[in-house]
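Per chain, numbering begins at 1; letters A, B, ... match sequence-line order.
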Amino acid sequence: MSWETKRRDITGAAFGGRLQTGEWEPLDLTKAGSACRGGRCRLGQRCAINPPYDGPLPRHAAFGIAPPRSRPIMPKTAISPSRAENYPEWYQQVVKAADLAETSDVRGCMVIKPWGYALWENIQRRLDTRFKETGHENAYFPLFIPMSFLEKEAEHVEGFAKECAVVTHHRLEPDGAGGLRPAPSAKLEEPLIVRPTSETIIGATFARWVQSYRDLPILINQWANVVRWELRTRMFLRTTEFLWQEGHTVHATRAEAEEETRKMLEVYADFAENAMAMPVICGEKTAGERFPGAVSTYSIEAMMQDRKALQAGTSHFLGQNFAHAQEIKFQSQSGDIEYAWTTSWGVSTRLIGGLIMTHADDDGLIAPPKLAPAHAVILPIYKSDEERAAVLAYCQALKSELEQQHYDGEAVRVRLDDRDLRGGEKKWQWVKRGVPLRIEVGPRDVAGDSTFVGRRDSDGKGAATPRAELVAQIGQTLDSIQQALFDRARRARDEASVVIDTLADFEAFFAEGQPGGLAYCHFTEGPEMEAKCKELKVTPRCVPLQPLLGDDGPGKCLFSGAPSQRRAVFARSY
RNA sequence: CGGGGCGUAGCGCAGUCUGGUAGCGCGGCUGGUUUGGGACCAGCAGGUCGCAGGUUCGAAUCCUGUCGCCCCGACCA
């Protein structure tokens, strides 16, 4: 029977008009292709339609309800679909389930919710400290940039012009139909663009700041929002407006600017690996992937659990391109007027997307302790009011005791969740949010001066832990979680990394249906490489700075056969 | 910006083919029973069916237009 004919039997009155629990709707379940995808089906395990299944269904397919069970059966995992079933959908569900963000009323823009924003604040705080340690100062530049500024650097225009939001008016007026419209009389003489990045406006400012070699270097960072009118958006990974940090520096010499570029890349790499527990490859972008207007672009590249690469941070050596365009000149020690050398570097809220896709599992987020909004949550368990009083008092005391402990130079962050919610539901909320440690305390624990501790990085149910031991070792425990997350991510990446020396192997590795991963290959940029990469939906991510896999000296380009000095990492990417 | 899909209660959807004035699940609230675990029973609240025209005695349903969102491509942190 075809889907279309059967569909009518099970939708409509039969289903909408209430299919009683206990009835089975005789959808042809024996056929491959008749199954519940799970993704949008909220019946979960109660749904009679189950995989195996591997084709598309027209729409929601949760028809047919299994016979009643004595106890409700919950899905095995908190997030549905699982990573294996539908990775992109899983990602969206994790963002939602972990309470990180939600879509807003504005197209392509998201609302970052407190739990997600707390992650960002932790990212900010740590990076900001590192920036200051490396001599940078924060400043703030305008959100609006005169359109003419963007025109000054040719490649820069080309790179950003097609995704700019433009402000053309400064007043609204009634449109005569009960609404509003931009007042024609209030048209701006020169349109303003909402910054997609600030090289131009900051460059123009720097031109005024720099007169003499004595003014250099200028080392500035700004935390800001930027807007890039993307056609397709995904929470955290690519939104129309996003939050980021952009560093902009000016130097007297090429060498100094290049050193700055590398130094900040190192800061990013160190942050990614140590704070986020996300292993990254530092490398230089190929010409095709370079920032518009840059002489060279460096990036940190991470591999997500679906084996696609994510550019997690960039650092650009801008040469004198922007100095020429913006007239950033200075008088040198010898009295000559010289153009300065500039750099820029940035990371964005995209890091949170990377964090999710590196660590989260089918039960939701797993926050690495160093960035977790809370290191531990205490869940009191009680029945009667007397128990409640005793347990809560114990938990309060435990909370302050834990807060006096330190992890990675910061006080341990603890939450006590005493909301009037059922225990199971409450526990799962925190699992989905990815709190590293769950500390459950009931009357029996209070009596025994003990706790029951679950680690989010393990599948185990947790273990009884004496209070004193928990308190004394919490720093160590968090550290071991942090390390375990990094090791797991590192292992996944290494398992997906291969050296490839023939085009046939390259094609096989990235063939449809293959898991893919990171391929280290000799290359030369040219039409052959471009065509093949486009065909396989692969891009050269970067040329690693440090010798990594396949560091066997010069070789031959996979695509053209020309001699090649270095290998690049190829992967599908976000 | 091309191809496809979808706008009905806070969320997920049925109802549209074959027009008769709106329903289910979850969530919310209230009461009760439970509870070392993502509970159960009962009751209540909640919708000008995206918007604007048209056809009709009558439109969620048919026609035209329009806006928005999602997916898949092309482009990108």
Quiz item: Which sits closer to the 5' end of RNA chain B, Val441(A) or Lys96(A), going by the nucleotide each is nearest to?
Solution: Lys96(A)
Quiz prompt | Side-chain heavy-atom pair Cys164(A), Trp229(A) within 4.5 angstrom cut-off | solution = no
Exercise. Write down the partner of C76(B) under the Watson-Crick or G-U wobble criteria, each distance required to be under 3.5 Å.
Key: none
Practice problem: Please measure how far the P atom in C57(B) lies from the corresponding atom in C11(B), and state the result in whole Å. | Solution: 37 Å
Quiz item: Only one of Glu289(A), Lys537(A), Arg541(A), Glu301(A) clears side chain to side chain donor-acceptor pair (under 3.5 Å) with Ser573(A); which?
Solution: Arg541(A)
Practice problem: For nucleotides C49(B) and C44(B), find the distance between their P atoms and express it as a whole number of Å. | Solution: 24 Å
Exercise. Kindly assign one of parallel, tilted or perpendicular to the pair Phe242(A) and Trp244(A), based on the angle between their ring planes and the thresholds 30° and 60°.
Key: perpendicular
Self-check item: Between U30(B) and G15(B) - C1' atom distance, rounded Å
Solution: 31 Å
Exercise. Tell me, please, which residues at least two apart from Arg83(A) pass salt bridge (Lys or Arg N to Asp or Glu O under 4.0 Å).
Key: Asp362(A)
Quiz prompt | Atom pair OG1/CD of Thr261(A) and Glu284(A) - distance to nearest 0.5 Å | solution = 10.0 Å
Self-check item: For G28(B), the Watson-Crick or wobble partner whose two distances fall under 3.5 Å
Solution: C44(B)
Quiz item: Is C57(B) paired to anything, Watson-Crick or G-U wobble with both distances less than 3.5 Å, and if yes, which nucleotide?
Solution: G20(B)
Self-check item: ring-ring contact (aromatic ring centres under 6.0 Å, His included) partners for Trp430(A), two or more places apart
Solution: Trp115(A)
Self-check item: Pairwise P distance, G3(B) and A74(B) [rounded to whole Å]
Solution: 16 Å
Practice problem: Return the set of residues passing ring-ring contact (aromatic ring centres under 6.0 Å, His included) with Phe144(A) (not counting sequence neighbours), or none when no residue passes. | Solution: none
Self-check item: Contacts of Phe291(A) that satisfy ring-ring contact (aromatic ring centres under 6.0 Å, His included) - sequence neighbours left out
Solution: His156(A), Phe160(A), His316(A)
Practice problem: Kindly state which residues belonging to residues 419-427 of chain A come within less than 4.0 angstrom of RNA chain B, counting heavy atoms of the residue only, listed by number. | Solution: Arg422(A), Gly424(A), Glu425(A)
Practice problem: Spell out protein contact along nucleotides 71-77 of chain B as letters: B when the base is contacted, S when just the sugar-phosphate is, - when no protein heavy atom is under 4.0 Å; keep the 5' to 3' order. | Solution: -SSBSBB
Quiz item: On a whole-Å scale, what distance lies between the P atoms belonging to G50(B) and G12(B)?
Solution: 14 Å
Quiz item: Does A39(B) pair with anything, Watson-Crick or G-U wobble, both distances under 3.5 Å, and if so, with which nucleotide?
Solution: U33(B)
Exercise. Determine the interatomic distance between P on U8(B) and the same-named atom on A60(B); round to the nearest Å.
Key: 15 Å
Quiz item: Rounding to the closest angstrom, what is the interatomic distance between A52(B) and A59(B) at atom P?
Solution: 14 Å
Exercise. Flag the pair Thr197(A) / Glu246(A) as yes when at least one side-chain heavy-atom distance between them is below 4.5 Å, and no otherwise.
Key: yes
Quiz prompt | Nearest-angstrom distance, C1' atom, C1(B) to C76(B) | solution = 15 Å
Exercise. Hunt down the Watson-Crick or G-U wobble partner of G7(B), both distances under 3.5 Å, from any strand shown, or write none.
Key: C67(B)
Quiz item: What does Lys432(A) touch in the nucleic acid at a heavy-atom separation under 4.0 angstrom: a base, only the sugar-phosphate, or nothing?
Solution: base
